[in-house]
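Working notes, beginning with the structure itself.
Reckoned from all heavy atoms, side chains included, excluding hydrogens, waters and symmetry mates. In what follows, every chain begins at residue 1, and chains take the letters A, B, ... in the order their sequences are listed.
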Amino acid sequence: DVKVTQSSRYLVKRTGEKVFLECVQDMDHENMFWYRQDPGLGLRLIYFSYDVKMKEKGDIPEGYSVSREKKERFSLILESASTNQTSMYLCASSSEARRGPEQYFGPGTRLTVT
Amino acid sequence: QQQVKQSPQSLIVQKGGISIINCAYENTAFDYFPWYQQFPGKGPALLIAIRPDVSEKKEGRFTISFNKSAKQFSLHIMDSQPGDSATYFCAARGRAGSYQLTFGKGTKLSVIP
């Protein structure tokens with residue numbers, strides 16, 4: 001079974017702090033994604049990566065950056081957290097070559113910025 | 001700009017009834033249409049998916065109906081059960097080789113006994 005794990009289930013940070021959200025997948029997937037989920041807005045793509053050190057902006061990249069130094073790990077960075085970044089953050093991975101377009105999601109990190 | 005419109009936002013269905021969730025899209029380049037199910041405290045999980053060369057796909061109590069000319073697709077849950085209570089998201093992929101999914105805003109389904 002594909003497993004996507006996220007470093008924290010709940011996180012509370014202060015405005016202006018630098019925040020790291022970590023995601024690890026164990027199925028050698030090429031593609032990894034970061035979404036944020038807000039009530040009534042669904043899932044919105046922040047960034048994705050289709051290979052190590054490669055990244056592309058999604059629909060809402062402002063205020064975020066990402067890092068992918070190893071194939072299994074994809075990090076989301078909030079350089080200076082703001083209250084409007086309070087949200088549920090979901091990581092996903094996929095492999096078109098192995099399993100088609102299905103994305104496998106982690107359990108999410110609920111981030112609160114105070 | 002939302003490219004996949006999902007309705008309704010919430011749905012209450014009696015146990016044993018049929019739950020129907022609808023999605024509409026504009027981009028004719030979309031070539032893969034999955035539905036995800038999300039329980040509270042969990043990440044979304046793929047429920048069922050369809051490609052546009054098929055008009056219907058059924059897996060157990062779950063059916064996707066696809067109308068290419070109308071650019072609409074829907075999820076039908078037959079004999080709905082309280083355990084089906086969850087949030088459902090439709091999604092669409094831009095084209096083969098594109099890794100991005102565009103999600104609808106979600107439908108919160110409550111199945112009451």
Side-chain angles (χ1 to χ4, degrees), chain A residues 1-6 8-10 21 23-25 29-51 54-61 68 74 87-110, chain B residues 1-11 21-25 27 29-54 57 59 64 86-109:
Chain A
D1 274 353
V2 175
K3 193 166 184 184
V4 179
T5 56
Q6 296 184 228
S8 305
R9 294 299 304 273
Y10 300 93
L21 302 182
C23 175
V24 178
Q25 51 92 5
H29 284 176
E30 307 87 59
N31 310 315
M32 296 188 75
F33 309 82
W34 275 107
Y35 295 89
R36 66 176 280 177
Q37 181 178 10
D38 300 288
L41 296 179
L43 281 71
R44 293 179 292 166
L45 183 64
I46 304 171
Y47 268 97
F48 69 99
S49 168
Y50 53 89
D51 202 351
M54 306 302 289
K55 61 185 179 184
E56 289 207 17
K57 293 180 180 179
D59 299 319
I60 51 165
R68 192 166 180 202
F74 192 34
S87 186
M88 171 70 84
Y89 290 88
L90 290 162
C91 175
S93 72
S94 74
S95 172
E96 292 275 337
R98 293 167 190 240
R99 303 182 72 124
E102 177 181 355
Q103 293 187 14
Y104 296 84
F105 284 83
T109 295
R110 184 165 294 282
Chain B
Q1 180 186 356
Q2 185 190 13
Q3 296 185 31
V4 179
K5 293 185 178 180
Q6 183 173 347
S7 63
Q9 203 168 13
S10 63
L11 182 61
I21 305 171
N22 300 299
C23 284
Y25 63 96
N27 187 347
F30 286 151
D31 71 343
Y32 170 74
F33 301 87
W35 284 90
Y36 281 81
Q37 179 188 54
Q38 184 180 30
F39 293 106
K42 305 281 188 182
L46 179 70
L47 184 63
I48 187 172
I50 199 168
R51 294 191 185 269
D53 53 347
V54 176
K57 184 173 181 181
E59 290 184 4
I64 299 179
T87 299
Y88 293 81
F89 295 95
C90 62
R93 185 181 71 169
R95 63 187 185 279
S98 164
Y99 310 115
Q100 296 186 66
L101 291 176
T102 300
F103 284 85
K105 291 187 176 183
T107 297
K108 186 173 182 180
L109 171 66

### Query
Quick one: of A/Gly58, A/Ala92, A/Gly40, who has the most non-hydrogen atom pairs under 4.5 Å with chain B?
A/Gly40

### Query
Which bit of A/Arg44 is near chain B, if near means a heavy-atom gap under 4.5 Å: side chain, backbone, both or neither?
neither

### Summary
To the nearest 0.5 Å, atom NZ of B/Lys42 lies from atom CZ of A/Phe105 at 15.5 Å

#### Entry: Atom pair CD/CD of A/Gln103 and B/Gln100 - distance to nearest 0.5 Å
9.0 Å

## Note on the structure
One should read off an interatomic distance between B/Phe103 CZ and A/Gln37 CD, to the nearest 0.5 angstrom, of 9.5 Å

### Message
Need one label for A/Glu56: side chain, backbone, both or neither, based on atoms under 4.5 Å from any heavy atom in chain B.
### Response
neither

### Query
Pick from B/Gly106, B/Pro34, B/Pro44, B/Ala45: which one has the most heavy-atom pairs with chain A under 4.5 Å?
B/Pro44

### Query
Between A/Leu90 and B/Gln38, what is the shortest heavy-atom contact and its length?
CD1-NE2, 4.3 Å

### Query
When rounded to the nearest 0.5 angstrom, what distance separates CG in A/Leu43 from CG in B/Leu101?
9.5 Å

